[in-house]
2 protein chains.
Amino acid sequence: MTALPKRRRRPDARPDEILDAALSVFSAKGFAAARVEDIAREAGLSKGAVYLYFPSKEAMLNGLVEQSAGQLAKAAEQLVALGAPQDPEAAFRGLLRMLFTAMGDPDINAAPRLVFAEAARFPEIAAHYRSQVLDVARRALRALLAAGVRSGAFRDVDADAFMRATAGPGIAHMALTSIFGFPPDRLTDPAAMADALADILLDGLKPRVAAP
Amino acid sequence: MTALPKRRRRPDARPDEILDAALSVFSAKGFAAARVEDIAREAGLSKGAVYLYFPSKEAMLNGLVEQSAGQLAKAAEQLVALGAPQDPEAAFRGLLRMLFTAMGDPDINAAPRLVFAEAARFPEIAAHYRSQVLDVARRALRALLAAGVRSGAFRDVDADAFMRATAGPGIAHMALTSIFGFPPDRLTDPAAMADALADILLDGLKPRVAAP
DNA sequence: GTGTTATAACTGACTGGTCAGTCAGTAACA
DNA sequence: TGTTACTGACTGACCAGTCAGTTATAACAC
């Protein structure tokens, strides 16, 4: 077995390691109460070393949010690509599955949760997240809705309400499971929960009469 | 005009005044970064006086959450009373209007926002909120759904998905407007947004054929 | 009314602890 | 032997919570 050298020489990997550690500590304690010393220890470094890679604690938060926003923006871009699909209904179902799978996983939703908790205090973070993630996702959802309306798959509902109806349940799922420890009674599988939600959103709560 | 006495004698009103100030400061800075001195000043007191009414900063947070949870629990109780109504569809529409009106108002949603941000770090707060607010609301929603199913107004959808579909958009609305400064494009009135959402949830995204 | 006293309400300087950020020094590698 | 990566003790600022002292009010006396 190769002995892990006590002092590893891989400065290229350090920033990401530090951001991982920072996410974990910020997530557990919140930005203000998080100690840089703890982040350093979790990253396997001393406090001083962390300051070789980031000029301040706030820079770590920014780096973290940027990284996460980048990933989410990519996911949203994929949605754009899927914005004018052959089958809007299937695309919508797939989107809900993605959303619930991501929002139900504490490792994945840690960054969005952090942004929710801290964005009010850091206007640049809110603005960055808004332009990089929310606006992109909004455009993707609008495109999906428009495609569905064009093809006759969807009714011409209000786009903003559509956005809230689609994304909101995902956020609620995240809050209920990851913040309040609220396991669903029956649908513990995120995909099953997404399907149940798709059923409500697509067919509505009112009983439906058979199509002619 | 009556001159406001510099040192007012009304110890009974103090705790609530302090909690109001605490909500405002916690909301702006978060619990950890909030300074007791600032809360005191906002309540028109010195720091020392605050400690005559609350033993610690954390006690203020707890008091605040308890107060807010009490109010929300009351609102949820009203929903229970409305759980087996004559007209489940009208009740559901009314519920969404209440939810969006509350969640769109920064003064009203400040407390829930704070709980969202801090609950992960204060297990008792999460537990308290869960038992006093979330469980009550969940029971109310289940009762509403069950009543609707019984009367034939609603289909028999999954209760947990129903809860997420109903509450989630309200949370999304709160996040978009109060955290990210995201004004809707068209429906700036919360009641109109609620109605648009009700349209989606009740009738579904798919085109509906006329009832026979 | 006008002193006198008691006490409830409050003040703000102070203490002790915490922690972000620094830097002189050390270890590992080339 | 020079350079890069890192360490951890240290400093200065900040702030929760305390407490000796101050002020407003009430209560009672005359």
Side-chain angles (χ1 to χ4, degrees), chain A residues 2-65 114 118 121-122 124-125, chain B residues 2-65 114 118 121-122 124-125:
Chain A
T2 38
L4 202 72
K6 190 178 179 181
R7 174 177 293 168
R8 296 164 302 177
R9 280 249 157 176
R10 26 175 203 144
D12 323 355
R14 286 284 187 236
D16 279 349
E17 290 173 359
I18 293 170
L19 288 186
D20 284 353
L23 175 56
S24 151
V25 177
F26 287 158
S27 227
K29 310 214 190 206
F31 175 77
R35 291 164 52 213
V36 173
E37 176 96 44
D38 290 344
I39 295 173
R41 224 174 277 295
E42 183 137 345
L45 286 171
S46 72
K47 188 174 159 183
V50 164
Y51 283 93
L52 297 173
Y53 297 97
F54 293 91
S56 70
K57 188 172 144 183
E58 200 171 328
M60 294 176 225
L61 180 61
N62 279 318
L64 198 54
V65 170
L114 185 63
E118 308 289 349
R121 275 145 244 154
F122 298 94
E124 332 92 89
I125 286 182
Chain B
T2 38
L4 202 72
K6 190 178 180 181
R7 176 176 292 168
R8 298 163 302 175
R9 279 249 159 175
R10 26 179 202 141
D12 322 355
R14 285 285 187 238
D16 280 348
E17 290 173 359
I18 293 170
L19 289 186
D20 283 354
L23 176 56
S24 151
V25 176
F26 287 158
S27 227
K29 311 215 189 202
F31 175 77
R35 291 164 52 213
V36 173
E37 178 95 42
D38 290 344
I39 296 173
R41 225 173 274 297
E42 183 138 345
L45 287 171
S46 72
K47 188 174 161 184
V50 164
Y51 282 94
L52 297 173
Y53 298 97
F54 293 91
S56 70
K57 188 173 145 184
E58 200 172 329
M60 295 175 224
L61 179 61
N62 279 317
L64 199 54
V65 170
L114 185 63
E118 306 290 348
R121 276 145 242 153
F122 298 93
E124 333 92 89
I125 286 183

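Reminder, nothing fancy here: chain letters follow the sequence lines and each chain counts from 1. The structure displayed is predicted, hence computed values, not measured ones.
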Would you indicate whether the side-chain heavy atoms of B/Val36 and B/Met60 approach each other to under 4.5 Å? yes
Nearest to the side chain of A/Arg35 - D/dA16, C/dC19, C/dC10? C/dC19
Sub-4.5 Å side-chain heavy-atom contact between A/Phe31 and A/Leu114: no
Can you check whether any acceptor in the base of D/dG17 is under 3.5 Å from a donor in the side chain of B/Lys57, or vice versa? no
A/Lys47 NZ to D/dA5 C1', straight-line distance once rounded to whole Å: 19 Å
Can you tell me which nucleotide in C/dT11, C/dG21, D/dA16 comes closest to the side chain of B/Val36? D/dA16
Atom CZ of B/Arg41 to atom P of C/dT11: distance rounded to whole Å? 10 Å
Distance check needed: C/dA20 P versus A/Phe54 CZ, whole Å only. 15 Å
Among D/dC6, C/dG21, C/dC10, the nucleotide that comes nearest once only the side chain of B/Arg14 is considered: C/dC10
Do A/Val25 and A/Arg35 have side chains that approach each other closer than 4.5 Å (heavy atoms only, starting at C-beta)? no
In the structure I gave you, are the side-chain heavy atoms of B/Glu17 and B/Leu45 within less than 4.5 Å of one another anywhere? no
I need the CZ-P distance between B/Phe31 and D/dC15, as an integer number of Å. 14 Å
Rounded off to whole Å, could you give me the CD-to-P distance for the B/Glu37 and D/dA13 pair? 18 Å
Given C/dA9, is OP1 or OP2 found less than 4.0 Å from the side-chain N or O atoms of B/Tyr53? no
Could you tell me the separation between the CG atom of A/Leu52 and the P atom of D/dT4, rounded to a whole number of Å? 13 Å
Which is true for A/Ala34 with a 4.0 Å heavy-atom rule: it touches a base, it touches only sugar-phosphate, or it touches nothing? sugar-phosphate
Over 12 non-hydrogen atoms of neighbours within 6.0 angstrom of CZ in A/Arg121: yes
Length of the OH-P vector between B/Tyr51 and D/dC15, whole Å: 12 Å
Atom CD1 of A/Ile18 to atom P of C/dG21: distance rounded to whole Å? 14 Å
If you check the A/Ala49 side chain, which of D/dT7, C/dA20, C/dT11 turns out closest? D/dT7
